[in-house]
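One structure is given here, and the rest of the page talks about it.
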Amino acid sequence: MLVNATNFVIVIYIGLYTMEVLGPILEIVHIMLDPIAKYFKYHRGVKKYMMILHKKLEELKCRKDDIESRLNIDLLQSGKTLKKEVQLWLDGACKIISQVDSLSKEVGDMKYLSRARLGKKITVTIKIVDEHHRKGDFVDRLVIDAPTGNKVTLPTTELVGKSTARRNMEQLWDCLMDDSCRKIGVYGMGGVGKTTMIKLIHNRLLEETNKFDHVIWVSVSKFASVTQLQDKLARAIGVCMPENESEMVRAAKLFAMIRTMKNCVLIFDDVWEAFQLEDVGIPEPGADNKSKFVLTARLADVCLRMGCKQIKAELLSEEEAWNLFVEKAGLDVISPHIEPIAKEVAKQCACLPLAIVTIARSLKGVTESCEWRNALEELRDSTRGHHDMRRVFEQLKFSYNHLDDEKHRNCLLYCALYPEDFGIRRKELIERLITGGVIDRMCSRRAAFDKGHAMLNKLEKACLLECVMNKSEDNKQVKMHDLVRDMVIHVNGISSRLMVKSGMHLREIPDGNYWTEDLEMVPLMHNYISGIPSDVSPMCTRISTLLLASNHCLTMIPDPFFMHMATLEVLDLSDTSIEALPSSISKLGKLSALLLRRCAKLRLVPSLEKLILLRKLDLCHAGIKEIPQGIEMLINLRYLNLHTPYLEFLPCGVLSKLLNLQVLITFGASKTSKVKGYEVASLRKLETFSGQFYNIHEFNIFVHSISTRGREPDMYFIQEGEYHTVTFKEEPESFGKHVKLVKCFIGRGDDELVLPNGIQSLDIHDCHGVASLCDISSLNNATNLRSLEISKCDDVKYAFRASSSTHFRSLESLRLIDLLNFVSLSYKAGAAALPNDMFSNLKSFRIHRCPNIKRLFTPGLLLQLHSLSVIEVTFCPQMKDIIAEDNDESIENHSIDMKKTTNHPMLRHLVLCELRKLKSIYTQTLHCDSLQVIEVFGCPRLNRIPFSPSPVPSNLDKILATKEWWESLEWDQPNAKTAFQPYFKNCIPHKLKFINRSI
């Protein structure tokens, strides 16, 4: 028994010992086997887990759809907005759906060894989906009451520039209050204050009027797709937009929501590209919904394409700019030692509110004049700039970068080459763009100019250029805002490829530190540089453009100056006093443009025979007496201007070798610098020509040649006969199609004059063989004329004869000047004397210094000139009546209803000057509804004007005359003077004005 007990104890002891030893081992084995088991579980269960996940996800999507459906119903109630917790849940659901989609793709591409990892990831995602599904069990309503009328005031700054900004705001406010104006676009350059203004309008709409129930603000900012616009709009009105739905479905939901919002103002701030309202889901504003759509943009084109009424946010006036600067910088700036510098600093901000506020705040509290001077110097240095201007530049730079292509940016760069605040003539600028290769080579110069105008128009609409208003169509200008100019220079000057020193009042050429090897463009225009030191030879191995124009004191350029500029392509020395070009110019083998315009002292030009890439040579008004040697070798020349009175001779055979010429100007070279017809006719690419042929025979050779090949120059100015100095438009694009005949015999014979097919304007001066317009109409193509001037032709007594079948249906302007024997428009007076439709399109009639004419029109004759809008009669001493009956007219000629003859609806401008015997304009009353201007000077016997005061012509702008004559007038009706008095302007005439205007 004892032994058995002992054995039992031993067994138990051994068992306990074994368990004590094996326990930890088994625990270790368990710890090791558990992950392995889970690993195999995840590894084997991927397919099963994905099925569970998709089922859970489907449940989540169903709940999300149910919530969105409820929302779309609840939000249709006016004054409701989405609960933030609901929005948060929806955002989370969208995020989870996106994560599951990514996980599904990952499972589809999984490797064998990654199965367990993905299996674990799927189980975790199942829990997340399940938990989010549970949280979406909203018992309460999904929406809450929104603030009344969505009246959430936007934070904004105060209005700057009280007068200008207030005027802009009031114009916008008036449009909002006008029921007929439904879409409004505010545009202007970056930093001008568009967003501030529209925020103030937004807040004012909430506070000052009950006209609108909803005012919705959407910040677009930069570029946005239709989907992005829909998301922004949905957030603004509190609507949930599913990401997986098409744009059309999303637009339909937004449309349904917004359509319920009557009296709504929808404001889109900072729009960069036009879009269709219906594509986004915005109902078209109209009388039915009483809604408005307002946008702000930098590009006027965006407003135009979206059908908005355009309002331009203007810059501040100089006074407003200074007041704002003082307000932001503090009163320290008006201390005597700082104010002059501060005003210069403010001037550098160029009236742009963003720049003024930024710079003024950065200098607030600065009292040392040295710091102000330093800031001014940094602002003036465009390539470095004041550090606080970077924000301003970034605003402007975005518009710059938004341009379609590099060509538009290069166009701005060329504008920046001009001095600050400089009015740049459009045609001059486009010429530079063509010369510099910014405008690609096109089929014709007209096409290139059209392209240039289109580019400038686009930059104006982008508010990167400003249009300078000018009365003359030929003198249109653009101007670059100073800060836009600084930005362009800053962007292009970082690489040191640009040195801009135009209009800097330099008296010497910049020193050697400026002339780096990387320089590409060097504008030194409009300075006072008088000379270049003989030892200056810049090492500029990449330079392409050097502009020294308008340095009127520059007389000499040393020969070494161009030695290291082999890459130079454009050299402009126009408007300088240079006397001789250095011989080193002959070695500039890549030169494409040499501009020597108005270099009146220039006598010596070296041989140009090696400049075979030269495309433009401009010697207009240069002082040369003979054409440069080697010019016949310039086979790539497209533009040659020899319009200079100093040129003594134009050799034959030179022009015919320049077969690529598109522009040739030789007129005005001298009396002896005439050309042969065959030479000009051989230039088959010629688009613009100005010159004088040796005789009518040579002129006819040219005309026959261009008629045979079916193509004539687009523009020409040709004078034939004796040399006669005329006012000449130097710009080829201003020529039209103009022929001037001087001391020629116009009639039939061996050398009968032949006019070009497309001729538009003809001047006949001191010619024989012309008794009336009938003699001119016998010339071929004369009936296509749009402008005709006859001067000093003593044979002319009448404009036309009663028996004539002459027609000038295209004629718009007729000028009769210095016709000593001219007595009447018609050989037989009266309405029937004028051939039917002879002057059916005549708009302007001027007669000047015709001493024997006594009466201009009969009522019937004037009636037939139904398109006439300008009548100008000056210095005709025998003129008694402008419109009068003819005593010899028969009863048949009176068959015209005289009541109708008193109406002339197209007449706009009537000028009567120095008509000492004039007694009457017309004895009856004239009704001229379009009349704008009446000018009467030097007509002492004229004591009545025939225009009815009942009513006064609706377009009447002014009546110019002396006070003495005005007070001497007699009036048919007692209230007539009172009715016309507001339009009268007392002025003293300058007789030369009328002489020049008529000639």
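What you are looking at is a predicted structure, and each value in this text was computed from that prediction instead of being measured. The analysis underlying the following values was restricted to heavy atoms, covering all of them including side chains, and did not include hydrogens, waters or symmetry mates.
Applying the salt bridge (Lys or Arg N to Asp or Glu O under 4.0 Å) criterion to Glu339, with sequence neighbours excluded, gives Lys343.
Ionic pairing of Lys458 and Asp301 is not present here: no N-O contact between side-chain nitrogen and carboxylate oxygen is shorter than 4.0 angstrom. Under the 4.0 Å criterion applied to side-chain N and carboxylate O atoms, Arg426 and Glu460 are assigned as salt-bridge partners. By the 4.0 Å N-to-carboxylate-O rule, Arg445 lies close enough to Glu431 to be salt-bridged with it.
Between the side chain of Thr644 and the main chain of Gly623, no donor-acceptor pair closer than 3.5 Å is present.
One side chain, Tyr418 or Glu428, offers a donor N or O that lies under 3.5 Å from an acceptor on the other. Side-chain N/O atoms of Asp518 and Thr516 include no donor and acceptor closer than 3.5 Å. No side-chain donor from either of Trp372 and Asn374 sits under 3.5 Å from a side-chain acceptor of the other. For the residue pair Asn551/Thr576, the side-chain donor-acceptor check at 3.5 Å is not satisfied. Under the 3.5 Å distance criterion, with hydrogens and angles disregarded, a donor-acceptor pair is assigned to the side chains of Glu320 and Thr164.
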Take Asp270 and Lys194 through the test salt bridge (Lys or Arg N to Asp or Glu O under 4.0 Å) and record every step on the way to the result. CA-CA 9 Å; Asp270 202 13; Lys194 302 183 296 295; over 6 Å; no

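The side-chain tip of Lys616 points at the ring of Tyr639 from less than 6.0 angstrom away and within 45° of straight on. With Tyr414 as the aromatic partner, Arg432 does not meet the cation-pi criteria of under 6.0 angstrom to the ring centre and within 45 degrees of the ring axis.
Rounding to the nearest 0.5 angstrom, the gap separating the CG atom in Leu595 from the CG atom in Leu573 is 8.5 Å. Of the inter-residue distances, the one linking His453 atom NE2 with Met455 atom CE reads 12.0 Å to the nearest 0.5 angstrom. One distance of note links CG of Leu588 with OG1 of Thr567; it measures 9.0 Å at 0.5 Å rounding. Interatomic distance, Ile356 CD1 to Lys347 NZ, rounded to the nearest 0.5 Å: 13.5 Å.
In this structure the side chain of Asn641 reaches within 4.5 angstrom of the side chain of Cys620, judged on heavy atoms.
Environment of CG in Leu604: crowded, with over 12 heavy atoms of neighbouring residues, nucleotides or ligands closer than 6.0 Å.
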